[in-house]
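What follows is a set of notes on a single structure, which appears directly below.
None of the values given here were measured: they were computed from a predicted structure. Naming: A, B, ... by sequence-line order, numbering from 1 per chain.
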Amino acid sequence: MKLFEYEAKSILARYGVPTPKGGLATNSKEAWEIASKLKPPFAVKAQVLVAGRGKAGGILFAESLSEVERAAEKLLSMRVKDIPVRKVWIEEKIRIKRELYFGITTDRFNRSYVAIASSVGGMEIEEIAEKTPEKLIKFLINPQHGFRSFHARQIARKMGYSGSQLLELEKIFLGLYRAGVDYDAELIEMNPLTETIDGRFVAADARIIMDDNALFRHQEFRKRLLEGESELAPQELEAIKNGLAYVKLNGNIGVIGNGAGLVMATLDTIKYYGGEPANFLDVGGGASSEKIAAALKIVLSDPNVKALFINILGGITRCDEVARGILEAREKMRVTKPTVIRLVGTNEEEGKKILKEAGIHVLESMETAAQKVVEITRQG
Amino acid sequence: MKLFEYEAKSILARYGVPTPKGGLATNSKEAWEIASKLKPPFAVKAQVLVAGRGKAGGILFAESLSEVERAAEKLLSMRVKDIPVRKVWIEEKIRIKRELYFGITTDRFNRSYVAIASSVGGMEIEEIAEKTPEKLIKFLINPQHGFRSFHARQIARKMGYSGSQLLELEKIFLGLYRAGVDYDAELIEMNPLTETIDGRFVAADARIIMDDNALFRHQEFRKRLLEGESELAPQELEAIKNGLAYVKLNGNIGVIGNGAGLVMATLDTIKYYGGEPANFLDVGGGASSEKIAAALKIVLSDPNVKALFINILGGITRCDEVARGILEAREKMRVTKPTVIRLVGTNEEEGKKILKEAGIHVLESMETAAQKVVEITRQG
Amino acid sequence: MPIIVNKNTKAIVQGITGKQGSFHTKLMLEYGTKIVAGVTPGKGRTRIHNVPVYDTVEEALEKHEANASIIFVPAPFAADAILEALENGIKTIVTITEHIPIKDAISVMSYAKQQGATIIGPNTPGIISPEECKLGIMPAHIFRKGNVGIISRSGTLTYEIAASLTRNGLGQSTCLGLGGDPITGLNFVDVLKMFREDPQTEAVVLIGEIGGNLEELAAEYITKENYPKPVAAFIAGRTAPPGKRMGHAGAIIMGKAGTAESKIEALKNAGVDVAEKPSDIAGLLLRKLS
Amino acid sequence: MPIIVNKNTKAIVQGITGKQGSFHTKLMLEYGTKIVAGVTPGKGRTRIHNVPVYDTVEEALEKHEANASIIFVPAPFAADAILEALENGIKTIVTITEHIPIKDAISVMSYAKQQGATIIGPNTPGIISPEECKLGIMPAHIFRKGNVGIISRSGTLTYEIAASLTRNGLGQSTCLGLGGDPITGLNFVDVLKMFREDPQTEAVVLIGEIGGNLEELAAEYITKENYPKPVAAFIAGRTAPPGKRMGHAGAIIMGKAGTAESKIEALKNAGVDVAEKPSDIAGLLLRKLS
């Protein structure tokens with residue numbers, strides 16, 4: 001789950017990380033009021049959850065209160081990478097000497113968290129990562145005793161700092177780490193972490209992505225995710241509520257399957273035979289009939305869908321449960337769209353029997369099924 | 001730092017450990033009011049920090065509100081093991097089926113925390129520990145990943161529990177452990193942890209001793225310790241404020257030394273030669289002249305003191321600092337009591353010189369000095 | 001002799017009384033897997049499918065000999081269940097549970113490494129050495145004993161490809177799902193090393209997907225070690241739009257690294273045959289093995 | 001050759017710029033101890049007593065060779081300082097700092113054990129092998145090179161007894177303070193084992209105090225192993241009133257266990273000579289060694 005900049009900054013501030021003074025506004029009047037309590041010049045920043053906001057024009061600068069008002073108005077009426085801007089964050093603009101990068105994320109291969117730092121941060125960090133990775137400091141965090149004060153100092157030293165600046169960076173890095181641990185962040189970063197012209201440090205931008213698997217420990221965020229203030233499509237929201245993984249795509253073949261790999265391979269196969277999938281929907285492992293019914297409802301709510309392809313290979317998922325879910329949903333929703341079902345694995349015989357008795361034909365090969373559904377949409 | 005029962009219970013309750021409903025009163029009217037909101041029968045318990053409160057008459061039972069009033073009155077006017085009772089805790093009396101014990105403390109030899117459990121708890125626990133230690137379950141807590149749910153279940157099983165009772169004990173043991181970690185407890189225990197006649201569990205009594213070395217992380221408790229509500233003598237309080245360790249004893253020779261071992265050996269030596277120490281006072285390592293002066297002030301505030309024995313063996317403590325502190329204090333407080341000083345170690349020559357110039361004689365052997373001070377008090 | 005599990009594997013089931021735990025215990029028993037005991041806290045002193053159930057792993061191992069565990073307990077409690085198995089000396093742990101928080105998984109994996117234990121998963125279909133032992137939730141009838149080792153990041157794709165191999169007369173030595181969670185106990189390189197030493201395994205199938213760089217690291221290992229057995233691969237997610245999440249965090253695409261193209265290119269450069277469709281794997285292998 | 005520290009010990013000082021750190025660095029240098037570098041965060045690129053100061057142990061070890069560290073940093077930061085030394089591969093760590101929280105100490109000691117490192121202290125006067133190396137804060141002039149090993153729970157009592165041995169012509173191989181904090185890196189048994197193997201050490205002095213059961217465990221070890229070298233002991237706190245705290249948590253008396261009587265009895269039963277006064281130790285040893 002991605003957090004907004006203003007959420008990430010308020011978390012970091014509570015962990016002792018200096019952030020610019022600022023406030024959140026949903027209209028230009030509020031923006032004016034917030035700015036009136038701050039010192040000019042100002043930065044007015046669209047609160048959207050997409051990367052590359054700066055380059056897409058989502059950050060404006062202002063010298064006066066009236067300029068803040070105009071900037072807020074402009075941002076609140078625009079879309080950043082197709083996402084409408086609902087809130088803006090107004091803050092004091094920092095006088096920059098140097099832009100640094102510091103973040104912590106997960107390292108799958110080493111099965112640990114990893115701290116990444118660079119004395120060249122800002123918008124170019126991704127370019128640096130690609131072109132001159134030697135400018136990045138990578139520090140694997142020992143899971144046994146975590147990220148400690150001296151690790152922070154080791155990194156600060158390698159970034160070229162000493163004296164009181166080294167001690168200041170130590171506090172900031174540790175604060176970020178502790179925030180990351182407490183909030184179950186799979187990514188937490190300051191980019192840029194700004195060195196000001198008077199030699200102090202301020203997190204000019206901050207990003208937190210929380211581990212979705214740990215949201216049960218952070219009910220307030222789970223609630224925020226499910227009750228709006230997120231940038232999810234209605235189907236995506238409905239999917240999360242039902243424990244499903246859904247991604248909207250641009251084609252006309254609705255896809256439901258179990259297991260991310262299988263569903264991705266299903267999309268690949270549909271494309272291979274010239275079809276266009278309308279979505280990705282993974283019901284996960286061990287789906288109940290209710291979950292299958294919910295999945296059908298979500299996929300069919302997309303008006304572009306002309307045909308359905310249900311691809312189930314039962315392991316922990318039981319084919320009989322799937323069959324019951326399909327019948328249930330078809331009955332309730334009066335599904336009339338052509339459906340191709342491929343059903344094999346655990347309790348396969350029982351599942352097939354249930355569907356056959358309801359007059360539904362079941363295929364055994366993914367590829368035959370994919371060809372069939374592509375054919376149907378071509379005819380339609 | 002010892003916490004009162006009501007403090008320990010309120011901490012445990014916040015960690016999900018069931019405790020009896022109750023409230024704190026400083027007079028019998030308050031006691032009546034608290035009891036009026038509870039279900040009879042009641043327990044009225046003196047809030048004192050001494051062990052063996054029950055056997056010393058510090059716990060009374062009451063069937064009615066007027067009995068509660070009388071019990072509170074009685075307790076608030078008595079002393080438990082010489083400590084005046086200032087507060088009582090009134091709670092619903094538990095209908096006991098069985099009394100268990102569960103606590104966590106430190107194991108020095110293994111350098112870890114250790115959980116101790118017994119299915120025979122209550123007042124007899126110390127007797128059990130001595131006579132039938134095999135009835136105690138001792139579980140060393142691995143420092144690397146701490147006390148986990150399954151450890152709690154392993155212990156509950158060995159105590160003879162299963163089913164929902166095992167799961168209930170799991171929650172209670174884990175709650176106690178987490179409270180202990182968060183509050184830096186060197187001892188945290190429920191004794192008894194009561195199994196009620198309907199098969200549930202309630203911590204009928206609770207005790208927490210916080211690690212004094214970690215009080216800097218718990219300023220609210222440090223404040224409470226220094227600003228009253230403790231059972232310390234004025235000298236003991238003054239000692240804590242100055243970072244000194246002071247214990248009042250019953251003799252007439254005031255003792256100041258550096259290092260607990262040396263001061264204890266000094267007391268032993270005084271007794272060996274027939275004297276009676278008035279106190280134990282350890283200035284610790286590296287004491288400044290201000291600290292030495294504070295130590296003199298505390299020791300001399302005891303009217304029983306007839307002579308002083310200052311025994312300093314400098315390592316991290318510097319003899320010149322000690323000498324300056326002694327002169328400073330003598331000047332300010334116009335010390336007239338005879339003083340025997342033994343001063344050797346780091347910066348010994350300088351320290352001796354300072355004292356000699358002020359006309360104070362310094363001895364080199366602890367035993368000669370002890371004999372001398374005993375002689376002085378005999379003459380006095 | 002296959003890898004990790006075989007005829008001598010004796011397992012306990014943690015979370016045996018849950019819906020999935022109970023159902024798959026039955027299927028594993030039917031397959032012939034030696035399930036000696038089950039553990040569910042609070043359900044001790046009962047039996048399920050005639051397997052005795054205990055409150056703790058400790059008690060189960062006091063009364064039975066076991067060298068493996070399969071875990072079905074819910075995600076919030078799964079890390080503790082793994083630790084419980086580890087602390088009681090179990091060295092092979094299959095974690096079916098999905099969606100274990102990253103923080104919990106990292107801490108447990110570090111301890112497992114210290115203990116020299118093998119953790120399969122989390123979020124894995126498990127492991128099967130056909131005709132010897134199935135410690136997992138895969139539909140057993142699609143597997144046959146043979147000489148192909150399968151390592152996969154995707155549960156259901158494993159079934160897809162294993163079934164196709166079986167249909168084409170290619171049996172399997174061991175099929176193992178690494179698991180779909182962000183942090184897993186094994187990666188491709190770990191298992192490639194095991195298959196290398198396993199005389200029964202003559203060829204390896206590697207089933208990857210977009211996200212992360214585990215496939216790229218496998219390619220690097222195969223090149224560096226001049227891997228002595230033929231390897232074929234399938235990578236799911238060629239047509240996934242960049243920047244979108246496909247089901248789990250394992251599938252975030254970050255820049256170029258982690259794309260299907262990057263993985264396929266790396267594997268091809270290492271001499272691995274990469275299939276376009278799951279059903280093409282069998283053909284590629286048959287060509288290599290003939 | 002004495003134990004733990006000797007002529008080849010090259011040490012860094014963590015917390016070198018503090019009042020105690022700086023003062024004792026000077027004294028250690030005067031004694032001839034090889035102090036190669038100091039560490040104080042934020043004070044890098046300076047010098048103190050001509051010793052170069054760095055911000056991190058890592059940097060100090062990039063520029064100097066060292067195999068030991070002595071720590072003077074304040075208690076809230078001391079556990080991290082020990083970890084920093086451990087992570088950078090230092091295997092002998094003397095922690096002068098007193099009053100480290102128990103929770104912090106337990107976590108660090110567990111890691112030190114894994115790393116096979118020796119931690120002396122916390123709250124120790126340190127260690128001295130006379131004429132070879134002093135890594136501590138003890139007044140040096142009271143020690144002489146010789147054949148008696150001293151293990152002590154009390155700093156100042158060690159000086160008391162060492163000085164008395166020296167006056168009586170009994171030099172010391174190594175004198176080591178276990179440390180007065182509740183959790184220490186070494187206990188009597190650990191050091192008894194080292195002295196047993198050390199050819200220079202012909203007799204051992206054990207200085208204990210009330211509280212805990214480390215002296216009782218030492219007695220148990222001496223009996224069980226039929227300890228081959230003479231041992232004399234002094235226990236402080238014979239006249240301490242029960243239930244009162246004498247200076248630190250090490251001195252809480254709990255019931256009978258931990259009392260001076262219990263310790264003295266256990267040691268006497270193990271064949272150890274227990275002195276009534278610190279000054280009696282020398283006489284007891286002279287009798288045993290003659």
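To the nearest 0.5 Å, atom CD1 of residue C:I70 and atom OG1 of residue C:T25 are 7.5 Å apart. To the nearest 0.5 Å, atom OG of residue C:S164 and atom NZ of residue C:K277 are 10.5 Å apart. One distance of note links CE of A:M366 with OG1 of C:T156; it measures 9.0 Å at 0.5 Å rounding.
Annotation: cation-pi geometry not satisfied between A:R222 and A:F216 (NZ/CZ under 6.0 angstrom from ring centroid, within 45° of ring axis).
Checked against salt bridge (Lys or Arg N to Asp or Glu O under 4.0 Å), C:D273 has the following partners two or more places apart in sequence or in another chain: C:K288. Under the rule for a side-chain contact (heavy atoms from CB on, under 4.5 Å), the partners of A:A323 that lie at least two apart in sequence or sit in another chain are A:I354, A:L355.
For C:E98, the part sitting under 4.5 Å from any heavy atom of chain A is the side chain, from C-beta outward, and nothing else. Of the two parts of C:T184, only the backbone, made up of N, CA, C and O, holds a non-hydrogen atom closer than 4.5 Å to a non-hydrogen atom of chain A. Of the two parts of A:Y272, only the side chain, counted from C-beta on, holds a non-hydrogen atom closer than 4.5 Å to a non-hydrogen atom of chain C. Contact of C:L27 with chain A is made through the side chain alone, with heavy-atom distances under 4.5 Å. For C:F234, the part sitting under 4.5 Å from any heavy atom of chain A is the side chain, from C-beta outward, and nothing else. Neither the backbone nor the side chain of C:I142 comes within less than 4.5 Å of any heavy atom in chain A. In this structure, the portions of A:V181 lying under 4.5 Å from any heavy atom of chain C include both its backbone and its side chain. Interface remark: C:I235 contributes backbone atoms only to the contact with chain A (heavy atom separation under 4.5 Å). Looking at C:P125, neither its backbone nor its side chain comes within 4.5 Å of chain A, counting heavy atoms on both sides.
Interface summary for chain A: among C:V189, C:I207, C:D104, the most heavy-atom pairs under 4.5 angstrom belong to C:D104. Taking chain C as the reference chain and counting heavy-atom pairs below 4.5 Å, the highest number among A:N142, A:D211, A:L281 is found for A:D211. Highest contact tally toward chain A, considering only C:A75, C:S107, C:P278, is held by C:P278 [criterion: heavy-atom pairs under 4.5 Å]. Note on A:S365, A:G345, A:P277: by heavy-atom pairs under 4.5 Å with chain C, the leading option is A:G345.
Residue-environment remark: NZ (A:K241) exceeds the threshold of 12 foreign heavy atoms within 6.0 Å.
Listed for the C:S110 side chain is no donor-acceptor partner under 3.5 Å among the backbone atoms of C:I106. Between the side chain of C:R238 and the backbone N or O of C:A260 there is no donor-acceptor pair closer than 3.5 Å.
Using modelled atom types, one finds a donor on one side chain and an acceptor on the other under 3.5 Å when comparing C:S129 with C:T174. Side-chain polar atoms of C:E216 and C:S262 form a donor-acceptor pair below 3.5 angstrom. Inspection of the A:T377 and A:E276 side chains reveals no N or O donor paired with an N or O acceptor under 3.5 Å. Checking A:D268 against C:T239 by side-chain atom types alone, a donor-acceptor pair falls below 3.5 Å.
Taking the six-membered ring where tryptophan is involved, the planes of A:Y183 and A:H218 are essentially parallel, since the angle between them stays under 30° and well short of 60°. Classified by interplanar angle (parallel below 30°, tilted 30° to 60°, perpendicular above 60°), the ring pair A:F147/A:F139 is perpendicular.
Within residues 113-120 of chain C, the residues having any heavy atom closer than 4.5 Å to a heavy atom of chain A are C:Q114, listed by residue number. Residues of residues 346-353 of chain A having a heavy atom under 4.5 Å from any heavy atom of chain C, listed by number: A:T346, A:N347, A:E348.
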